[in-house]
Protein chains: 2
Amino acid sequence: MKPVPYPTIQRFPLYLEVIKQLQLAGIKTISATDIAQNLGFTNIQVRKDIGYTGIIGKPKIGYNIKELEKVITSFLGWQNTNDAILVGVGALGSALLGYKGFEDYGLNIISGFDVNKKIVGKKIHGKKILHIDDFESQVKLLKVSIGILTVNQSSAQQITDLMVKAGIKGIWNFSSENLKVPDDIVVQRENLSASLALLSVKLSHKFKTKQ
Amino acid sequence: MKPVPYPTIQRFPLYLEVIKQLQLAGIKTISATDIAQNLGFTNIQVRKDIGYTGIIGKPKIGYNIKELEKVITSFLGWQNTNDAILVGVGALGSALLGYKGFEDYGLNIISGFDVNKKIVGKKIHGKKILHIDDFESQVKLLKVSIGILTVNQSSAQQITDLMVKAGIKGIWNFSSENLKVPDDIVVQRENLSASLALLSVKLSHKFKTKQ
DNA sequence: CTTTAATCGATAAATATATATCGTTATAAA
DNA sequence: TTTATAACGATATATATTTATCGATTAAAG
């Protein structure tokens with residue numbers, strides 16, 4: 001089987017959103033062209049992406065919208081909820097604890113961990129905040145495999161080592177540290193600065209050329 | 001002049017971080033290999049990226065670290081602070097208002113806007129929260145060109161239209177709405193789900209193949 | 001002073017991704 | 001029933017990006 005390109009995987013959640021929106025409107029079938037127009041892509045690209053899921057569409061009609069939602073969701077592994085824990089309950093960590101959108105992504109943040117005595121023991125957005133000393137035992141107890149890292153750069157590697165030791169398999173890294181992990185651990189870096197960089201450069205380019 | 005690839009632009013902030021770290025350690029010159037090892041890239045890629053800035057390095061030595069920081073910062077347009085305003089002071093919006101890291105990216109969020117009477121008039125993380133009714137006048141008064149959109153999907157397009165009307169030129173879109181804007185407006189979509197999708201797929205792939 | 005090795009910059013090759021083309025199929029209109 | 005058209009899937013082409021190669025240069029070691 002040919003590997004699915006990363007850009008394709010990254011577009012899938014966008015397709016899911018369009019699908020959900022149109023489903024709410026009562027639509028039963030959806031074509032690559034429909035999705036493309038909604039997102040500003042080409043229909044060829046959307047059709048090719050969808051092709052990776054193996055779903056069969058009908059000419060002149062498109063795809064069964066329910067079935068398409070199912071195959072994409074399943075491809076992403078979002079059909080069942082995956083439990084996650086979060087370490088570093090600062091401004092960003094708190095925000096993520098309260099972010100409702102993760103439900104759509106099959107992600108359930110069980111609890112947050114920190115060392116700050118002011119918040120340990122309390123609840124934030126309904127999620128209990130525990131002390132980092134209890135991290136390893138909790139992760140092992142609950143068999144959590146995804147860790148969300150929202151600590152500052154200076155403690156990022158240390159917490160990462162702890163996550164690995166506790167059995168975490170995938171780390172969503174919101175810090176700017178380049179984490180060192182064993183081969184069998186997946187790290188996904190969330191890079192706000194990268195997207196701000198693109199915005200900045202596109203903006204300055206527009207100003208240079210247009211004015 | 002050949003256009004700089006988007007992936008290159010997105011890597012520049014990472015290079016800046018390594019540069020700043022090594023500068024703190026008193027390092028005066030830095031090679032593409034140094035940066036590459038620090039980030040897990042190939043030195044060839046780093047060297048090529050750096051080449052786009054026009055800086056000249058010395059064989060066996062590398063680049064003057066101060067000069068390299070300067071050219072990358074300047075390329076990104078981060079040498080001067082750019083003012084921004086934020087609309088939608090919910091969980092995520094509050095977090096961004098309090099995020100210190102933006103200073104490094106030349107971004108200064110002046111204030112937040114919302115309709116929630118509980119927070120309008122108050123300060124969050126030291127930033128004043130104003131009512132959306134005052135948005136247009138404030139933006140015009142302060143000549144802000146960057147807007148950060150952290151409202152929910154249902155009001156995203158409406159707020160976008162308001163931003164455009166007020167003179168905002170670049171929109172950093174944290175909502176999941178596909179925004180419609182005039183040609184001369186730049187929209188950068190921040191897509192948390194895209195990166196979570198990658199993490200999910202990489203994880204499930206590891207589990208499939210390794211176990 | 002000569003040799004060695006690290007690194008640069010430029011060019012070339014390889015890979016990955018996006019776009020285009022084309023024959024086929026299914027619906028709806030004529 | 002026939003014709004026109006939207007959209008599919010497969011294949012081919014084009015573009016973008018990454019990786020490799022190579023000669024030149026510079027500092028440091030011998």
Side-chain angles (χ1 to χ4, degrees), chain A residues 1-15 18-19 22 27-68 71-72 75 191 194 197-198 201-202 205, chain B residues 1-12 14-15 18-19 22 27-68 71-72 75 189 191 194 197-198 201-202 205:
Chain A
M1 221 200 292
K2 57 242 143 167
V4 180
Y6 282 179
T8 295
I9 296 171
Q10 297 201 314
R11 283 188 292 269
F12 276 150
L14 300 176
Y15 298 170
V18 174
I19 287 170
L22 294 187
I27 309 284
K28 299 295 180 195
T29 61
I30 188 173
S31 72
T33 307
D34 294 334
I35 296 177
Q37 281 179 342
N38 217 297
L39 293 169
F41 300 153
T42 71
N43 61 359
I44 303 165
Q45 182 174 60
V46 174
R47 193 173 304 118
K48 191 159 196 185
D49 285 345
I50 291 176
Y52 287 109
T53 67
I55 191 178
I56 302 293
K58 281 187 189 171
K60 188 81 184 250
I61 295 293
Y63 308 91
N64 178 293
I65 197 167
K66 209 170 172 182
E67 191 188 353
L68 184 57
V71 293
I72 294 180
F75 178 89
N191 196 356
L198 264 186
V201 170
K202 284 179 185 169
H205 190 254
Chain B
M1 220 200 293
K2 56 239 142 170
V4 181
Y6 282 179
T8 295
I9 296 171
Q10 299 203 328
R11 282 187 293 267
F12 276 151
L14 299 177
Y15 299 170
V18 175
I19 288 169
L22 293 186
I27 309 283
K28 298 297 178 192
T29 61
I30 188 173
S31 71
T33 308
D34 294 335
I35 297 177
Q37 282 179 342
N38 216 297
L39 292 169
F41 299 155
T42 73
N43 60 359
I44 304 165
Q45 182 174 59
V46 174
R47 192 174 303 117
K48 191 156 198 186
D49 284 345
I50 290 176
Y52 287 108
T53 67
I55 192 177
I56 302 293
K58 280 187 189 170
K60 189 81 184 251
I61 295 292
Y63 307 90
N64 178 293
I65 197 168
K66 208 169 172 181
E67 193 188 351
L68 184 57
V71 294
I72 294 179
F75 178 90
R189 171 176 237 158
N191 195 356
L198 264 187
V201 171
K202 285 178 186 170
H205 190 255

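Just so you know, these numbers come straight off a predicted model, no measurement behind them. Proteins get letters first, then strands, A, B, ... in listed order; numbering begins at 1 in each.
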Item to complete: Measure across A/D49 and A/F12 and return the closest heavy-atom pair with its distance rounded to 0.1 Å.
Response: O-CZ, 3.5 Å
Fill in: Nucleic acid contacts - residues 32-40 of chain B versus DNA chain C, non-hydrogen atoms under 4.0 Å
B/A32, B/T33
Discussion item. For a 4.0 angstrom threshold against heavy atoms of chain A, report the outermost contacting nucleotides of DNA chain D in 5' to 3' order.
Written reply: D/dT5 to D/dA12
Discussion item. Please give me every residue in residues 54-66 of chain A whose heavy atoms get under 4.0 Å of an atom in DNA chain C, ordered by residue number.
Written reply: A/P59, A/K60, A/I61
Fill in: Considering all heavy atoms, the nearest A/P13-B/A197 contact
CG-CB, 3.7 Å
Discussion item. Set out, in order, the CA-CA distance, both residues' side-chain angles and the distance that settles side-chain contact (heavy atoms from CB on, under 4.5 Å) for A/D34 and A/N38, then state yes or no.
Written reply: CA-CA 6 Å; A/D34 294 334; A/N38 217 297; over 6 Å; no
Discussion item. Under the criterion side-chain contact (heavy atoms from CB on, under 4.5 Å), I'd like the reasoning laid out for A/L39 against B/R189: C-alpha separation, chi angles, the key distance, then a yes or no.
Written reply: CA-CA 12 Å; A/L39 293 169; B/R189 171 176 237 158; 4.2 Å; yes
Practice prompt. Step by step, work out the side-chain contact (heavy atoms from CB on, under 4.5 Å) result for B/I50 and B/T53.
Written response: CA-CA 6 Å; B/I50 290 176; B/T53 67; 4.2 Å; yes
Worksheet item: Looking at A/I30 and A/I19, what are the two nearest heavy atoms and their distance?
Response: CD1-CG1, 4.2 Å
Worksheet item: Between atom CD in A/Q45 and atom P in C/dA16, what is the gap in whole Å?
Response: 17 Å
Fill in: Rounded distance (Å) that lies between atom P of C/dA10 and atom CZ of B/R47
12 Å
Practice prompt. Please report the shortest heavy-atom distance between A/Y6 and B/K202, naming the atom on each side.
Written response: OH-CE, 3.4 Å
Worksheet entry | Residue whose nearest DNA chain C nucleotide is more 5′ - B/S31 or A/T8 | B/S31
Item to complete: Work out which heavy atom in A/Q10 is nearest to a heavy atom in B/N191; give both atom names and the distance.
Response: O-ND2, 4.2 Å
Worksheet item: So how far is it from A/I56 CD1 to A/E67 CD, rounded to the nearest 0.5 Å?
Response: 9.0 Å
Practice prompt. Send over the distance from B/D49 CG to C/dC8 P, rounded to a whole Å.
Written response: 13 Å
Worksheet item: If you measure from OG on B/S31 to CZ on B/R47, what distance do you get to the nearest 0.5 Å?
Response: 8.0 Å
Practice prompt. Only one of A/V71, A/I9, A/T8, A/I72 passes side chain to side chain contact (heavy atoms under 4.5 Å, CB included) with A/Y52; say which it is.
Written response: A/T8
Discussion item. Between C1' on C/dT7 and NZ on B/K48, what's the gap in Å once rounded to a whole number?
Written reply: 17 Å
